[in-house]
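Residue indices begin at 1 and follow the sequence shown.
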Amino acid sequence: MREFRKKQKRLYRIMKAVIIFSVIFIFIFIGAQPYVEKLSSVADIVCRYLCDILIVANLGILFSYYNKYGKSDKFLEAVEYELSDYGSYVTSRAEKEEKTFIKAMRNDFSKNGYAVNSDIEIDEFDFSFTASTKKDFFYAAEIESLSKNDVLAYIDVVVNDITVHNLKRKGNAVICFVTDKAEKEAVAISKMITPLGKKEQIKIALAIVEPSSSKCYFLGNMETKCQQVIANYVLKCNIPIPKENVGDKRLPFQDELEEHMKDFNIKSFRNGTFYAH
């Protein structure tokens, strides 16, 4: 991934330089064209051809850049956020049991104008409560021992609930898992953001919290509405996240992800055969 990014940055610098040079040259020629034409008709024709060549060159390099790097840019940026983030965070909530922790979160959502529904079932999956505004959604689920399969299954349920049951096409959602023990595989995907729509109009973030240890796993270094909601209601702190709410600097799954990303190549990505997780 690093080599791929180096090539991308190199081409971007070239593209930027060509565009800047072209714009400056064309603007100068537009202003000086009457004088150039009086001075020499040959020089005028040469300058006109140069302008045409520069325009074609700009279109060519723009097409080359976005064709090769445009689609993969957001994907790689999301992975870079995961790799540069702290491994875990620490909640300021005093509750050490799952049920009391959930109750405290639910009360805070109610106090702040969210529409709250307690102990509901969506597509045969249980949620301790859901909280929502017009464009923001929060789903809390209590699971005794959280696995990766649990996380993926709940993501599918939430996607269906937002897009089919609620008919939403824009918004931000957080799925908060409150558990006594999160398995390694579940923690490994805790920083994953699920985007929906061509322009990623809907984004679903995860938060995995273990009240007994006060540890919380989520993507905390990307400034989004989801980050703010998790900080305010799960960590019980403000943005930017204070130092006292920062836990492990880096966890093994981030090292594993970095190693895995060394195999990234644009061909596999375009074919849909390369996944970060």
Side-chain angles (χ1 to χ4, degrees), residues 72 74-83 85 87-89 98 102 105 120-132 136-166 168-169 171-198 200-211 215-220 222 224-227 229-230 234 251-261 263-264 268-269 271-277:
S72 64
K74 286 187 177 180
F75 170 76
L76 293 176
E77 184 180 39
V79 172
E80 287 167 346
Y81 271 108
E82 291 188 45
L83 294 176
D85 194 18
S88 68
Y89 292 85
E98 289 82 48
I102 289 171
M105 284 198 302
I120 66 170
E121 183 180 290
I122 303 174
D123 297 337
E124 300 182 358
F125 281 74
D126 295 324
F127 291 86
S128 300
F129 75 89
T130 63
S132 62
D136 298 322
F137 305 88
F138 188 92
Y139 297 80
E142 181 187 354
I143 299 179
E144 187 175 344
S145 182
L146 186 68
S147 69
K148 179 179 179 179
N149 289 336
D150 291 327
V151 176
L152 297 177
Y154 269 86
I155 290 175
D156 287 340
V157 171
V158 168
V159 168
N160 190 58
D161 185 58
I162 293 173
T163 58
V164 179
H165 296 166
N166 291 290
K168 297 294 182 179
R169 295 296 177 263
N172 302 283
V174 173
I175 309 174
C176 179
F177 298 97
V178 184
T179 180
D180 63 344
K181 178 62 179 176
E183 296 179 8
K184 179 182 176 182
E185 290 76 14
V187 172
I189 61 172
S190 61
K191 298 183 184 298
M192 181 178 71
I193 302 293
T194 303
L196 301 176
K198 290 183 179 180
E200 300 184 359
Q201 299 96 322
I202 298 176
K203 291 184 179 180
I204 301 174
L206 305 172
I208 300 174
V209 60
E210 299 174 342
K215 283 191 174 183
C216 182
Y217 307 95
F218 78 105
L219 186 64
M222 181 186 286
T224 63
K225 180 63 176 178
C226 294
Q227 178 215 37
V229 169
I230 295 170
V234 183
L251 290 175
F253 77 85
Q254 290 169 296
D255 295 328
E256 292 168 8
L257 176 59
E258 187 168 26
E259 189 66 27
H260 170 63
M261 289 306 296
D263 298 327
F264 175 83
S268 298
F269 176 78
N271 293 338
T273 57
F274 185 90
Y275 301 93
H277 302 286

Below 3.5 Å, can you tabulate the donor-acceptor pairs from side chains in residues 202-210 to any protein atom, sequence neighbours excluded?
residue, atom, partner, partner atom, Å
Glu210, OE1, Ser213, OG, 3.2
Glu210, OE2, Ala182, N, 2.9

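No side-chain donor-acceptor contact under 3.5 Å links Asn271 and Ser268. Between the side chains of Glu185 and His277, not a single donor N or O lies within less than 3.5 Å of an accepting N or O.
Taking 4.5 Å as the limit, some side-chain heavy atom of Phe129 sits within range of a side-chain heavy atom of Ile102. By the 4.5 Å heavy-atom criterion applied to side chains, Met222 and Glu82 are not counted as neighbours. Counting only heavy atoms from C-beta outward, the side chains of Phe218 and Ser190 never approach each other to under 4.5 Å.
Partners of Asn160 under the side-chain contact (heavy atoms from CB on, under 4.5 Å) rule, at least two apart in sequence or in another chain, are Asp123, Val164, His165.
Ring orientation note: the planes of His260 and Phe274 are close to parallel, at an angle under 30° on the 30°/60° scale.
A ring pair (Phe, Tyr, Trp, His ring centres under 6.0 Å) check over residues 175-194, counting only residues at least two apart or in different chains, returns the pairs Tyr154-Phe177.
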I'd like to know whether Glu98 forms a side chain to side chain contact (heavy atoms under 4.5 Å, CB included) with Glu142, so could you lay out the CA-CA distance, the side-chain angles of the two residues, the decisive distance to 0.1 Å, and finally the verdict. CA-CA 7 Å; Glu98 289 82 48; Glu142 181 187 354; 3.5 Å; yes

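Looking at Asp150, its side chain does come within 3.5 Å of a backbone N or O of Ser147 through a donor-acceptor pair. Using modelled atom types, one side-chain atom of Thr179 and one backbone atom of Ile143 make a donor-acceptor pair closer than 3.5 Å.
Rounding to the nearest 0.5 Å places CG of Leu219 at 8.0 Å from CD of Gln227.
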